[in-house]
Amino acid sequence: MSIPSGARVALPQVPEAVHRRRWAILVVLMLSLLIVVLDNSILNVAVKTIAGPAPTGLGATQSELEWAINAYTLVFAGLLFTAGLLGDRIGRKKVLLFGILLFGVGSAFAAMSGSPGELITWRAVMGFGAAFVMPSTLAVLMNVFERDEQPKAIGIWAGSVGLAIAIGPITGGLLLEHFWWGSIFLVNVPVVIVALIAMALLVPDSKDPNPGRTDPLGVVLSIVGLVLLVYGIIRGGQLADFADPTVLLSITGGLVVLAAFVRHEKRTSHPAIDISYFKEPSFSAAVAAIALCFFALMGVTFFSAFYMQSVRGWSALQAGLLILPLAAAQMIFAPRARLVVDRFGARVVCTVGMLLVALGLASFALFDATTPVWVLCVLFFVQGTGMAHVMTPVTVSVMQALPREKAGSGSAVNNTFRQVGGALGIAVLGSVLSTVYRGDIEGHLGALPAGVREAAGESIEATLGIADKLGPAGAPLIAAANDAFLKAMHVTAIGSATIALVGALVVAMFLPGKTSAGQESGEGERSVRAGAAR
């Protein structure tokens, strides 16, 4: 059997009516993805306002603020895998509509929260809905685009993720300048309404035609394992102590349960996911690259926010605007990354991309309190360029490794590794930042009362808050806090860059090189035969 040159070979064929409106469907998917990812970062801008007394805020404590952020992350990460499986089984459009509706309801009630407890509850509901949205968007994409257009569509999808991460702080800053804190959640509601109408009219439903028997034990093990693991990671970051018994117990328990999940999936006749895919080095390298890239990115996003706002004194809105070069680079290069991969191969492109990310991260080790703004913009652009040439090819590798009917499972794997990697980045690198800062600032707090001394050493924000209360006498403490933070940031930046270098090594060793035309034709023929067999 031969494949005509330029012919689409992926099976099953996308219906012509769906194929004609595929780009409109992608816009709807991007809109849904945008608000979900954006809301994962927008709350960081409002924490100071929410901590204020009523009616300006809710009078939330530091612990309550952390849980308002982490409740979303914990539920979101724990359910990603299950949501992808449900999409494959009952229909991706149904799951997408359910997720975006629940996310909208949670947003509306979060905006009206009268206490920190209510806010935490509704943030968890938002995370529940978001877990059903994110994997479904990528799974639907794989079922409305033919294989030859999937890399371009995935590039646009990946670019929208980068855009959402960058514009979250900007959107939050603009809303807080003109409205009350609840506006950062209420703004989601009209977007959700538009997305629901557009989905109902445009997005086709799809599912696995032969899903087989359910695997309830596998689903339960995946949820319990991921929740325990992510909770332990988050808790370790909060305490800046991964040796704490509660942290060790949670992380160890999560790893044990996930190991039991893998063992169960290997033995059962109806696995939730075929573990054998991970035996393929290129597949495992791709998901590892996703996790390592987001580990490094979320770590630098964490400490760069404090650098720009606490050390440089810029507002949340100004700091958010400085992230725009990163988003612009992703929007420019992510949709075009496939062209570079066609010419040089995924291995070369992803390796260079990870090296660019590492370069951008390592450069923070040279920053001080007077580094020109244009230098930050250039480095963020370099990082965004590197990420665009990593995230698109590795996502394509993960999604095209699985049959189209398993797109929900593939998307769930992709997004689960992304989320766990990001949570690890914030927790581990945040812990490093906190530990180095505390060790350096303690020598400058001797004149303060014991209780105040301990609180002042928790973070640069806490130190600056105490210094402000001291008036002119606090000026030396402000200078010491800035110096201590810069030292801690330099150490953390080197740690982030090292993680990115590990990612570069992984993709250089295991991702496939440039594929010849003959190899592509052979792969296409195997795809056709596999489709015919099914």
Side-chain angles (χ1 to χ4, degrees), residues 70 73-86 88-89 127 131 134-135 212-239 241-295 298 394 397-398 401-402 406 408-428 431 499 502-503 505-506 509-510:
N70 294 332
T73 302
L74 193 62
V75 176
F76 181 58
L79 290 176
L80 273 172
F81 183 71
T82 301
L85 295 177
L86 283 174
D88 286 344
R89 180 167 292 275
M134 197 165 191
R213 293 165 56 194
T214 58
D215 180 20
L217 178 58
V219 169
V220 171
L221 288 173
S222 71
I223 294 174
V224 174
L226 285 170
V227 168
L228 283 173
L229 177 62
V230 175
Y231 173 78
I233 292 169
I234 290 172
R235 186 63 178 159
Q238 287 178 334
L239 300 175
D241 180 11
F242 282 83
D244 182 84
T246 59
V247 174
L248 287 175
L249 186 63
S250 182
I251 291 178
T252 303
L255 292 174
V256 169
V257 173
L258 289 175
F261 167 73
V262 172
R263 182 180 176 86
H264 169 73
E265 295 301 292
K266 285 181 177 180
R267 294 188 168 194
T268 183
S269 60
H270 48 283
I273 185 171
D274 190 347
I275 299 298
S276 64
Y277 285 113
F278 286 91
K279 294 180 180 178
E280 178 62 39
S282 59
F283 182 87
S284 295
V287 294
I290 290 169
L292 291 170
C293 194
F294 264 76
F295 184 108
M298 297 309 291
V394 296
S397 295
V398 171
L402 277 69
K406 300 294 184 183
S409 300
S411 179
V413 169
N414 176 75
N415 287 301
T416 298
F417 274 81
R418 179 199 305 263
Q419 190 67 21
V420 172
L424 267 171
I426 293 174
V428 175
S431 180
I499 296 299
V502 171
L505 182 63
V506 168
M509 292 177 63
F510 298 111

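All values below were derived from every heavy atom in this structure, side-chain atoms included, with hydrogens, water molecules and symmetry-related copies excluded. Nothing here was measured: the structure is a model prediction, and the numbers come from that model.
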Undergrad: Begin with the C-alpha distance, continue with both residues' side-chain angles, and end with the deciding distance and a verdict on side chain to side chain contact (heavy atoms under 4.5 Å, CB included) for Thr246 and Arg235.
TA: CA-CA 8 Å; Thr246 59; Arg235 186 63 178 159; 4.3 Å; yes
Undergrad: Heavy-atom distance under 4.5 Å between the side chains of Leu229 and Leu255, does that happen here?
TA: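 They are in contact (side-chain heavy atoms under 4.5 Å apart), so the answer is yes.
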Undergrad: Evaluate side chain to side chain contact (heavy atoms under 4.5 Å, CB included) for Leu258 paired with Leu221, printing each intermediate quantity in order.
TA: CA-CA 7 Å; Leu258 289 175; Leu221 288 173; over 6 Å; no
Undergrad: Which heavy atom of Leu74 sits nearest to which heavy atom of Val227, and what is that distance?
TA: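 Taking every non-hydrogen atom into account, CD1-O, 3.5 Å.
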Undergrad: So how far is it from Ile223 CD1 to Thr82 OG1, rounded to the nearest 0.5 Å?
TA: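 Reported to 0.5 Å precision, the distance equals 3.5 Å.
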Undergrad: Nearest 0.5 Å, what's the NE2-CG distance between His264 and Leu217?
TA: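 The distance works out to 4.5 Å.
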Undergrad: Can you tell me if Ser250 uses its side chain to pair, donor with acceptor, with the backbone of Leu228 under 3.5 Å?
TA: yes
Undergrad: Donor-acceptor check, side chain of Thr252 to backbone of Leu248, threshold 3.5 angstrom: yes or no?
TA: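 Pair found, side chain donor or acceptor close to backbone of Leu248.
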